[in-house]
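First comes the structure, then the notes that go with it.
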Amino acid sequence: MGDLGVAVVIEDDVDVRNLLDAVLQQAGFEVHSAGTGRDGVDVARQRQANVITLDVGLPDIDGFEVLRRIRQFSDAYIVMLTGRDEELDTITALQGGADDYIVKPFRPRELRARITAMLRRPRVASGDDAPSSEESGPVGSAGPAAAAGSRRGTVLQHNGLALDTETRTVALGGTPLGLTRSEFDLLHELLKGTGAVRTRADLVRVVRGEYYGEDTYISEADERAVEVHIGNLRRKLREDPQDPRWLVTVRGVGYRLAPKRAE
Ligand code: CA
């Protein structure tokens, strides 16, 4: 038990809580749960959660406030559980740093698939990535040549931004940025391309993993969630919307990487 790490379930409905507990245990997590928002924050802190499921409607403080508090000390993967009528609010709440959300009632298989797909995502870029990143030239133009050379293929650099696929860290002008997993994965996807346009649906698959295959229906809400993640990224990168250095919106389609600048 506990192969995948620690999961914390924050949910006031006993039936749903037991279901989540069972699904996550079966998936291979050590599971702890809480029935109120305040307890949930405490348990997440004490147990050093890797994954958190967070109900939006809780009896004391709501899920959005719990999210805000947890994000002050944790970079756990957080999935918000929401009712259909709260869906739009919840998408907006991804701005608070949630990684994903699931609408109730949900299929246990969906929750499990989404979380385990995310956790199994390789933390290190595969060897196949190295040649293409050399060709497209994101490695080591402005940065220290020695550092880039010794870690070829693990650091993508673009207009002052450095993304390390091995440590899953991002730095801007040498200053580390705190990104959520979803933000990191989206940025990685765009940086490793050669500036080709990625549709919003493509990017939904990047965030959600293998459960969202080619033939899976992707809703407008799913795409809206990607837009919110991109908005968060832009804020953290302090992008100038008039003159973006990294993330360019392609209207009606998706996003692409801004061209490399001569600096
Ligand atoms: Ca509830």
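When a ligand or atom number is given, it counts from 1 through the structure's own listing order. Bear in mind the structure is a predicted one, so any value in this text is a computation, not a measurement.
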* To do: List the steps, then state whether salt bridge (Lys or Arg N to Asp or Glu O under 4.0 Å) holds for Glu227 with Arg200.
  => CA-CA 8 Å; Glu227 288 172 13; Arg200 285 186 295 258; 3.6 Å; yes
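Other residues, nucleotides and ligands place no more than 12 heavy atoms under 6.0 Å from the CD atom of Glu220.
Here the shortest heavy-atom pairing between Ser74 and Ala49 reads OG-O, 4.2 Å.
Listed by chain and number, the protein N, O or S atoms at a distance under 3.0 Å from the Ca ion (ligand 1) are Asp12 OD1, Asp55 OD2, Gly57 O.
Taking Ile, Leu, Val, Met, Phe, Trp and Tyr as members and joining any whose side-chain heavy atoms lie under 4.5 Å apart, directly or through other members, Val248 forms no hydrophobic cluster with any other residue.
No option in Arg168, Lys192, Arg198 other than Arg168 meets the salt bridge (Lys or Arg N to Asp or Glu O under 4.0 Å) test with Asp185.
With salt bridges taken as basic N to acidic carboxylate O contacts below 4.0 Å, none links Arg17 and Asp55.
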